Amino acid sequence: LNQLVEVAKKSTQIRERLGYRSQNNADADFKKLLKIRNIVMHPVRPLVAADADVETVLSAARVAMQLSSRLSSAGT
């Protein structure tokens with residue numbers, strides 16, 4: 001996933017299809033997804049250990065849903 005994120009951030013065409021104007025804009029959302037991916041794939045603590053973790057997971061889920069929607073729209 002890290003490599004795909006790097007390609008998407010550096011490719012202007014891909015980044016713009018995903019709705020990002022710059023690498024910095026994309027980076028903020030991609031970091032959320034990568035954080036959740038790392039927690040799930042390398043569990044050293046629960047995904048939700050504190051109340052604040054619920055917002056972190058929710059935020060990452062929103063990003064994933066937005067990206068999925070943008071990709072679906074871009075394909076048509």
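Since we're looking at a predicted model, the values are computed, not measured. By convention here, the first residue in the shown sequence is residue 1.
A distance of 5.5 Å separates CZ in R70 from CG in L67, rounded to the nearest 0.5 Å. A distance of 11.5 Å separates CD1 of I39 from CZ of R37, quoted to the nearest 0.5 Å. Note that the CD1 atom of I36 and the CG atom of L1 stand 12.0 Å from one another [nearest 0.5 Å]. In this structure, CD1 on I14 lies 13.0 Å from NZ on K9, to the nearest 0.5 angstrom. One finds the CG atom of L4 at 10.0 Å from the CG atom of L34 (value rounded to the nearest 0.5 Å). To the nearest 0.5 Å, the span separating NZ on K10 from CD on Q23 amounts to 7.0 Å.
At a threshold of 4.5 Å between non-hydrogen side-chain atoms, the residues N2 and F30 do not count as touching. The closest side-chain heavy-atom distance from Y20 to D29 is below 4.5 Å.
A distance-only check finds a donor-acceptor pair linking the side chain of S72 to the backbone of S68 [under 3.5 Å].
Across all their heavy atoms, R15 and A8 have their closest contact at CB-O, 3.4 Å.
L47 and V63 fall into different hydrophobic clusters, where Ile, Leu, Val, Met, Phe, Trp and Tyr side chains are chained together by heavy-atom contacts under 4.5 Å. In this structure, V54 is a member of the same hydrophobic cluster as V40, with clusters built from ILVMFWY side-chain heavy atoms closer than 4.5 Å.
In the model, T56 has no side-chain atom that pairs as donor or acceptor with a side-chain atom of D53 under 3.5 Å.
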